[in-house]
Amino acid sequence: MPGTSPAMPDDPICPLCDRPIPSDAKQSLHHLVPRLKGGRNGPTVLLHQICHNEIHATLSEAELARDYNTIAALKSHPRLARFIAWVAKRPPGFHSKTPGPRRKR
C-alpha cells in the first residue's frame, strides 16, 4: 500500500509537521511566496501532500504572500497548529483527503 513504508534515516523531513517523508509518500513543493504573488523564483520547501493541501485549504494566496511566507508563520496559524498536532500522530506516509471545511473564499 503506497505511503505506508517505514521512514528511512535519510528521508527528508517535512518542515511543517516534522515527520519524515518516505520516498513513496505523496509529497509536493510549496512556494513560501505564491508564484502568482511574485514567488516564482523564490524559496520552496518539500512537504507531505496532506500538509500542502491543508495550507492551501486554510489560507488564500494573498494571506500566504503577506503574512504566512515562512514555516514559523505557518506553524503559528491556529488552524494549521491544530492540523499539525493531529497529523503528527499519523505514520510518516499517511495521506487522506484534507480534513475539515475549506476556507471561505
Side-chain angles (χ1 to χ4, degrees):
M1 182 174 191
T4 57
S5 68
M8 301 301 289
D10 56 346
D11 285 341
I13 302 296
C14 177
L16 192 70
C17 70
D18 295 319
R19 295 178 304 139
I21 306 174
S23 60
D24 65 343
K26 293 183 179 186
Q27 53 190 282
S28 64
L29 285 176
H30 172 67
H31 285 80
L32 289 172
V33 175
R35 289 177 295 192
L36 296 175
K37 298 292 182 179
R40 182 176 308 273
N41 296 316
T44 60
V45 291
L46 182 67
L47 302 173
H48 289 103
Q49 186 66 52
I50 192 172
C51 295
H52 197 191
N53 292 351
E54 187 66 20
I55 290 169
H56 288 283
T58 302
L59 298 162
S60 69
E61 302 282 303
E63 291 170 317
L64 286 166
R66 183 181 61 242
D67 300 321
Y68 295 97
N69 52 30
T70 66
I71 292 297
L74 289 167
K75 286 183 171 188
S76 74
H77 187 281
R79 175 175 161 164
L80 292 177
R82 285 190 305 274
F83 166 79
I84 292 164
W86 174 81
V87 82
K89 298 172 190 162
R90 305 307 184 262
F94 175 80
H95 184 79
S96 73
K97 291 188 177 187
T98 301
R102 292 183 62 85
R103 66 181 157 79
K104 303 250 188 289
R105 300 226 183 242

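Values in this document were obtained by computation on a predicted structure and should not be read as measured data.
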Hphob cluster co-occupancy, V33 + Y68, side-chain heavy atoms under 4.5 angstrom: no

Shortest non-hydrogen separation from S23 to D11 and the atoms involved: N-OD1, 4.1 Å

Gap between atom CD1 of I71 and atom CG of L47 - 0.5 Å precision: 6.0 Å

Residue N41 excluded, over 12 heavy atoms near CG under 6.0 Å: no

Given H95, H30, H31, the one that forms ring-ring contact (aromatic ring centres under 6.0 Å, His included) with H52: H30

Intermediate values then yes/no, salt bridge (Lys or Arg N to Asp or Glu O under 4.0 Å), E61 and R35: CA-CA 9 Å; E61 302 282 303; R35 289 177 295 192; over 6 Å; no

R90 atom CZ, neighbour heavy-atom count above 12 within 6.0 Å: yes

F83 reachable from I13 in the ILVMFWY side-chain graph, under 4.5 Å edges: no

Rounded distance [0.5 Å steps], CZ in R79 versus OG1 in T58: 3.5 Å

Considering all heavy atoms, the nearest G93-A25 contact: CA-CB, 3.9 Å

Within 6.0 angstrom of K37 NZ, more than 12 heavy atoms from elsewhere: no

Non-hydrogen atoms of H48 and P20 that approach each other most closely: NE2-O, 2.9 Å

Euclidean distance, I55 CD1 relative to I50 CD1, rounded to 0.5 Å: 11.5 Å

Which atom of I84 lies closest to which atom of K75, heavy atoms considered: CD1-CG, 3.9 Å

Atom pair CG/CG of N69 and L32 - distance to nearest 0.5 Å: 7.0 Å

pair L59-L74: side-chain heavy atoms closer than 4.5 Å: yes

Spacing of C51 atom SG and L80 atom CG [to the nearest 0.5 Å]: 9.5 Å

Check: C14 main-chain N/O paired with R19 side-chain donor or acceptor under 3.5 Å: no

Distance in Å, S28 OG paired with Q49 CD, rounded so as to fall on 0.5 Å steps: 3.5 Å

